[in-house]
Amino acid sequence: MTRWPLRWKVALYSALLAIAATIGGAVTTWYVLRYHEIAAFDQRLTTDASEFFRDVENFAGGPANNRRVFKEIFVPLAMRDKLVEVTDAKGTLLYRSPKVHTPLPVDDVKKFHNHIIHGHTIRMAEFEEGGLTLRVGDDLKAISQIGRDIFMAMLGAIPTVLLIILIGSRWVASRAITPIEEIRQAAASITAQRLDQRLPVPPTGDEIAGLIEVLNAAFDRLQRSFEQAVRFSAAASHHLKTPIAVLRAGIEEIMSDSECSLRTQAAADGLLHQVHQLNSIADKLLLLARADAGRLEVRFDEFDLSELLEGVLDDTRALAEPLDLAIEANVPETLPLKADRVYVGMIAQNLLENAIKYNERGGRIKVTAQAKNGSVLLNVGNTGQGIPEERAAHLFERFYRGRGDERVSGSGLGLSTARELARAHGGDVSLLQADSTWTELSLSLPRGG
Amino acid sequence: MRTLVVEDEVRLARHVSRALTNAGHETAVVHDGEAALADAKKNPYELIILDVMLPGIDGFEVLRRLRKAHVDSRVLILTARGELNDRVNGLAMGADDYLAKPFAMQELVARVAALGRRYAEKAPIKLQVADLTLDLTNNEVFRGDRRIEVSVRELTLLRVLMREPGRVFSRTELCEKVWEREHEYDMKLVEVFISRLRRKIDVPPLIHTVRHLGYTIRETAP
């Protein structure tokens, strides 16, 4: 659906309503007028009839006499233009006006009634007095003309009305919307870095002012929870790291005790390794908490990505050895980059770990690093089962593991962390390909930080 | 060295104090910022080990007030945050060194020893164990007259082992020293690189496995 600006929608609806109102008004006027015109018309016919009967009586010089021969002269001149038929009590036609070409309908013409005769709407009535029956009717043309006039007047008025309403209501709507536009701009300027900003409440006390108050209250709550999140990441760091530090110090003390048996020392070393794992998970959680709070601190250093990759590739070759993986690396001699060395190391390690984890025996890994258009790109591709489409959509979610099996170890924090870190640099990690033969992920970072 | 440990986590303070005492230092412990300020102004400590997150006045504030009061003890900052800006902050405020929790106690003891030295020791140029040499200036490795090509990680591993011949390094410790950042790499990685190094340099064997414990480099088997 196309999005119409609100002010145009208001204008359009107003115009449509105006047209409907004009038509409604015209129809009502037409009906009322017609009702009164017809009443007057009937009155005229009645007056004509009574005049006719009076004249007949007068000519006779006494009460109506059936035996007298009816003459045209009895009919008043004003009536001769109308449709007139006069019959006696036996139904014998005594007079018919020249306008009547076919006999007038006899049935149901007791009271006023409309008949279509030769394409004309004729209103007729029948009167009886002194043995004479008078059927008189006249064309309603004049009244229909009034209806046509009203219709034409309405047609003529609609474009003007439409234009006035369209422009007028658009202006009114614009005025009504102006504060909303101001709210929109003010709300857009409230970001994670400027959460203390509030929308100005107009002194009008109307619905808009009410809305702004509600919005400001929502921003208050947002700011509070955001600040809590920031405080949490600092406090959580302390609360997590201190017991880990105590654990580590305790285990190391056991290991350095000369009376401690070798078996105990070995067991303690195993525990120490678990403490490292725990610490590593805590680090990542804190990293994500900081990223959420918008407080991820990136320290930009000049370093050589090729040198960093050399170490990571060294590890990869060692880890890939039991799986018989062929590792192909296209890394230039040097690849200077301005970024956070530690974070970039984590991302690269992560991508390569995944390339091993989700590979298959005898498979391949291809690593390509290059500078391109002010960016540094690191592509890591691997053979393997690939990632089904519905899972690819969740690939960068926290704690999401690409496959359901438990064979693959790890916390599942990896790719989401990698992406957050890359984005903190103004770069990204994205999935380039994921079919049944080849999976390829790409890290891009702005070269100059 | 007269050392004051300022750490609100009592058990950690106890471990640190015990390790430093074992290393021959005279150690006192306080658990909050006010006590640290009072104690440090009264007694001339050579070194203060200062936690950042303290109840009341935090570590950075303690450091600021100490420097303002012209207490010139050396200061080693301990922080749970591990964020780089903490380090920059601390060093800018006049701390002498910085260590992120959780730290290896040996590392702390080594840092304390280094801070105790008036001048930095001259770094050795060449490491040697029997007829195996590692030239730190150009990273060349020789077994007798035979030059050995090693990869980056192999070189780092060899350097860690050769700096302290005879000392037994656990896998965890090597993992941390060679790969620096604590990570989730399989500890098998250590074994893989040890066996690679052995294949390259080890006739007659120099790198020895100490059962249940780890690895050491020395001339003769224990």
Side-chain angles (χ1 to χ4, degrees), chain A residues 233-235 237-250 252-253 255-256 261-270 272-273 275-283 286 290 295 297-299 307 310-311 313-315 317-319 321-322 340 342 345-346 349 353 409-411 413-414, chain B residues 7-16 18-19 22 51-53 78-86 88 100-106 108 151-156 168 170-173 175-176 178-193 195-196 210-214:
Chain A
S233 74
S237 172
H238 180 71
H239 292 313
L240 283 168
K241 288 302 183 86
T242 303
I244 294 175
V246 174
L247 259 179
R248 181 168 183 176
E252 285 182 349
E253 202 169 292
M255 290 175 74
S256 62
S261 74
L262 280 182
R263 282 179 68 90
T264 314
Q265 281 203 15
D269 190 55
L272 200 55
H273 180 64
V275 172
H276 279 290
Q277 301 274 53
L278 187 60
N279 187 45
S280 156
I281 291 169
D283 272 342
L286 293 168
R290 282 193 198 101
R295 303 287 164 108
E297 304 222 0
V298 177
R299 199 174 73 163
E307 199 182 299
E310 197 187 341
L313 280 166
D314 208 357
D315 297 338
R317 288 196 187 93
L319 288 169
E321 212 164 77
D340 194 306
V342 175
M346 286 170 77
Q349 180 190 326
E353 268 180 330
S409 67
S411 63
L413 270 170
Chain B
E7 165 63 64
D8 64 321
E9 169 54 51
V10 179
R11 276 159 298 186
L12 187 59
R14 206 156 54 211
H15 284 301
V16 170
R18 210 145 48 205
N22 285 344
D51 187 23
V52 170
M53 277 275 204
L78 294 182
T79 172
R81 293 189 205 165
E83 274 280 84
L84 295 159
N85 65 327
D86 273 10
V88 174
K101 286 183 188 175
F103 46 84
M105 203 53 83
Q106 278 182 337
L108 178 71
S151 75
V152 194
R153 297 286 195 238
E154 289 163 359
L155 183 73
T156 318
V168 180
S170 75
R171 286 173 189 80
T172 312
E173 202 179 348
C175 220
E176 198 183 0
V178 176
W179 285 270
E180 286 167 20
R181 216 189 138 74
E182 314 87 90
H183 52 67
E184 290 160 61
Y185 274 144
D186 223 303
M187 284 217 284
K188 263 187 250 152
L189 205 53
V190 178
E191 289 161 30
V192 173
F193 279 102
S195 71
R196 286 182 165 200
V210 181
R211 204 160 161 259
H212 297 309
L213 258 192

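Below, chains carry the letters A, B, ... as their sequence lines are ordered, and counting in each starts from 1. No hydrogens, no waters, no symmetry mates; every other heavy atom, side chains included, goes into these values.
- B:Glu9 CD to A:His239 NE2: the interatomic distance, rounded to the nearest 0.5 Å, is 11.5 Å.
- The candidate with the highest count of non-hydrogen atom pairs below 4.5 Å against chain B, out of A:Ile244, A:Asp269, A:Leu247, is A:Asp269.
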- [ ] List the steps, then state whether side-chain contact (heavy atoms from CB on, under 4.5 Å) holds for A:Glu321 with B:Arg196.
- [x] CA-CA 11 Å; A:Glu321 212 164 77; B:Arg196 286 182 165 200; 3.0 Å; yes
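- Residues A:Asp315 and B:Leu189 share a closest heavy-atom pair of O-CD1, 3.8 Å.
- Nearest heavy-atom pair, A:Glu252 versus B:Gln106, reported as atom, atom and distance to 0.1 Å: OE1-N, 4.3 Å.
- Proximity to chain B (any heavy atom under 4.5 Å) is shown, for A:Glu310, by both the backbone and the side chain.
- Note: A:His273 NE2 to B:Ser170 OG = 10.5 Å, rounded to the nearest 0.5 Å.
- Here the shortest heavy-atom pairing between A:Asp314 and B:Glu154 reads OD2-N, 4.3 Å.
- Using a 4.5 Å cut-off between heavy atoms, B:Asp8 touches chain A through its side chain atoms alone.
- Contact annotation for B:Ala104: both backbone and side-chain heavy atoms come within less than 4.5 Å of a heavy atom of chain A.
- When all heavy atoms are compared, the tightest approach of B:His15 to A:Gly250 is CE1-CA, 3.4 Å.
- With a 4.5 Å cut-off on non-hydrogen atoms, B:Arg18 touches chain A through its side chain but not through its backbone.
- Of all non-hydrogen atoms in A:Ala245 and B:Pro102, the two that sit nearest each other are CA-CB, 3.5 Å.
- Shortest non-hydrogen contact noted between A:Lys241 and B:Lys101 is NZ-O, 3.6 Å.
- The contact between B:Val192 and chain A is made entirely by side chain atoms (from C-beta outward), counting heavy-atom distances below 4.5 Å.
- Residue contact with chain B, scored on non-hydrogen atoms closer than 4.5 Å, is absent for A:Glu307.
- Considering CZ of B:Phe103 and CG of A:Asn279, their distance stands at 12.0 Å, rounded to 0.5 Å.
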